[in-house]
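Each chain gets a letter, A, B and so on, in the order its sequence line appears, and its residues count up from 1.
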Protein chains: 2
Amino acid sequence: MKEEFRLDNQLCFRLYTASRLLTQAYNPLLSAHGLTYPQYLVLLVLWENDAQPVNDIAKRLCLETNTVTPLVQRMEKQGIVTRAKGTNDARQIIVSLTDKGQQLQTALTDVPFAVGGAVACKSLTPETVPALFQTLDDMIAQLKKNLKRDT
Amino acid sequence: MKEEFRLDNQLCFRLYTASRLLTQAYNPLLSAHGLTYPQYLVLLVLWENDAQPVNDIAKRLCLETNTVTPLVQRMEKQGIVTRAKGTNDARQIIVSLTDKGQQLQTALTDVPFAVGGAVACKSLTPETVPALFQTLDDMIAQLKKNLKRDT
DNA sequence: TACTTTTGTATCGCGAACGATATAAATAAC
DNA sequence: GTTATTTATATCGTTCGCGATACAAAAGTA
């Protein structure tokens with residue numbers, strides 16, 4: 001059994017697990033409002049900049065448009081966003097928040113704090129978090145570059 | 001726009017993205033052998049300890065059995081593992097590696113190195129990785145505790 | 001022993017993720 | 001101006017991931 005194959009030596013498995021468990025911490029808070037975690041991410045994007053084409057949302061979330069399209073379609077059905085043909089570019093679909101989508105920001109005010117409480121641990125302090133963010137951002141940038149390369 | 005809602009301040013989004021992109025780095029290497037990343041994780045578990053019940057595999061990977069069951073069923077169809085009723089406990093299904101499953105370990109020898117190359121960045125050094133692992137493990141332990149609490 | 005509860009798997013349904021493919025609109029090339 | 005290429009979405013098929021549920025085996029209880 002080679003050392004590189006030990007599960008406890010895998011960075012990816014840790015990220016995968018941490019990501020899933022942290023998402024699970026969001027779930028009860030979001031599902032109370034009929035939302036999923038990826039839908040919440042779309043809301044975060046639109047709260048920052050409303051009325052964006054599908055492609056921009058996808059790029060911001062590092063997702064494919066064929067993931068975002070049905071995601072946004074479900075959100076449209078729930079009356080959270082609207083989808084309208086772009087005026088400049090008729091190929092684009094501009095996704096915009098409805099009043100309901102705007103108001104969710106107020107309804108979800110305490111979500112970041114509640115989740116923060118669920119992850120709070122001695123390894124996550126105001127001193128360590130910036131370094132962690134830096135490392136993850138660095139990794140993400142590197143992976144984006146390398147994944148794009150062999151396309 | 002509250003600061004806590006900014007996408008760039010989200011730990012979860014970083015973990016989610018890093019996890020997905022790193023998984024994508026595994027994909028071409030694994031799909032060349034007909035494997036997916038979660039299937040690869042099952043192999044890692046079985047290479048460490050062959051012949052485990054579904055429940056133990058699920059616990060090791062922090063997954064639900066209703067995720068692992070169909071995963072393992074697909075691996076059985078591919079001739080990578082066998083599934084057999086437990087002798088002590090007739091409810092258990094013991095998952096064991098076939099010869100093909102064993103041999104994949106050799107075939108995939110270079111996967112950890114190739115993936116290591118794809119994430120290699122200045123933030124990931126022999127000095128920083130242990131701290132990163134520690135932080136992620138700490139977070140995961142904390143989340144497990146808190147998620148279990150409200151069950 | 002008979003009954004209840006727990007445990008281990010499995011099935012079902014839905015929402016991601018994503019590769020592959022399709023289609024129409026915009027752009028580039030000629 | 002016509003043709004070729006790229007770009008923005010969308011659809012389809014497969015595999016996760018998980019909540020809800022079902023069911024049989026095991027363990028606990030009366």
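Listed for the A:Asp50 side chain is a donor-acceptor partner under 3.5 Å among the backbone atoms of A:Leu97. In terms of modelled atom types and a separation under 3.5 Å, the side chain of B:Thr128 and the main chain of B:Thr125 share a donor-acceptor contact. The backbone N or O of B:Gly79 sits less than 3.5 Å from a side-chain atom of B:Thr98, completing a donor-acceptor pair. A donor-acceptor distance shorter than 3.5 angstrom exists from the side chain of A:Gln10 to the backbone of A:Glu4, with no hydrogens or angles considered.
Atom-to-atom, CG of A:Leu61 to C1' of C:dA16 comes out at 13 Å; the value is rounded to the nearest Å. Here C:dC18 presents its C1' atom at 15 Å from CG of B:Leu30, a figure rounded to the nearest Å. If you take CD of A:Glu76 and P of D:dT9, they are 14 Å apart, rounded to a whole angstrom. Here D:dT7 presents its C1' atom at 13 Å from CG of A:Asp56, a figure rounded to the nearest Å. Protein atom NZ of B:Lys85 is 7 Å distant from nucleotide atom P of D:dA25, rounded to whole Å. In this structure, B:Gln78 atom CD and D:dT14 atom C1' are separated by 12 Å, rounded to whole Å. Separating the CZ atom of A:Arg60 from the C1' atom of D:dA8 is a distance of 20 Å, rounded to the nearest angstrom. Atom CD1 in B:Ile93 sits about 14 Å away from atom P in D:dA24, given to the nearest Å.
Interface remark: the A:Asn27 side chain does not form any donor-acceptor pair with the D:dG19 base, using a distance-only criterion of under 3.5 Å.
Taking the side chain of B:Thr65 as heavy atoms from C-beta on, and the options D:dA10, C:dT9, D:dA25, the nearest nucleotide is C:dT9. Among the nucleotides C:dT9, D:dA20, C:dC18, the one closest to the side chain of B:Pro53 is C:dT9. In the set C:dA10, D:dT15, C:dA16, D:dT15 carries the atom at the smallest distance from any side-chain atom of B:Arg74. Here D:dA8 is the nucleotide among D:dA8, D:dA10, C:dG15 with the atom lying nearest to any side-chain atom of A:Asn55.
Residue contacts shown for A:Asp89 are limited to sugar-phosphate atoms, with no base heavy atom under 4.0 Å away. Residue contacts for B:Thr36: at a heavy-atom cut-off of 4.0 Å it reaches the sugar-phosphate backbone alone, with no base atom in range. Using a 4.0 Å heavy-atom distance criterion, B:Pro70 is classed as making no nucleic acid contact.
Taking for each of B:Glu64 and A:Gln73 the nucleotide of DNA chain D with the nearest heavy atom, the 5'-most of the two is the partner of A:Gln73. Nearest-nucleotide mapping onto DNA chain C: of A:Cys62 and A:Asn88, the residue sitting toward the 5' end is A:Cys62.
Of the side-chain N and O atoms in A:Tyr16, one or more sit less than 4.0 angstrom from OP1 or OP2 of D:dG17. Regarding contacts with the backbone of D:dC16, every side-chain N or O of B:Thr67 stays at 4.0 angstrom or more from both OP1 and OP2. Look at A:Gln92 and you won't find any side-chain N or O under 4.0 angstrom from OP1 or OP2 of D:dT7. Close to D:dC23, at under 4.0 Å from its OP1 or OP2, lies no side-chain N or O of B:Arg91. Phosphate proximity of D:dC18 to A:Gln24: present, with a side-chain N or O under 4.0 Å from OP1 or OP2. Listed pair B:Arg83 / C:dT9 fails the phosphate criterion, with no side-chain N or O lying under 4.0 Å from OP1 or OP2.
A ring-ring contact (aromatic ring centres under 6.0 Å, His included) with A:Tyr16 is found for one member of B:Tyr26, B:Tyr40, B:Tyr37 and no other, namely B:Tyr37.
In this model, a donor atom of one side chain and an acceptor atom of the other lie less than 3.5 Å apart for A:Asn9 and A:Glu3.
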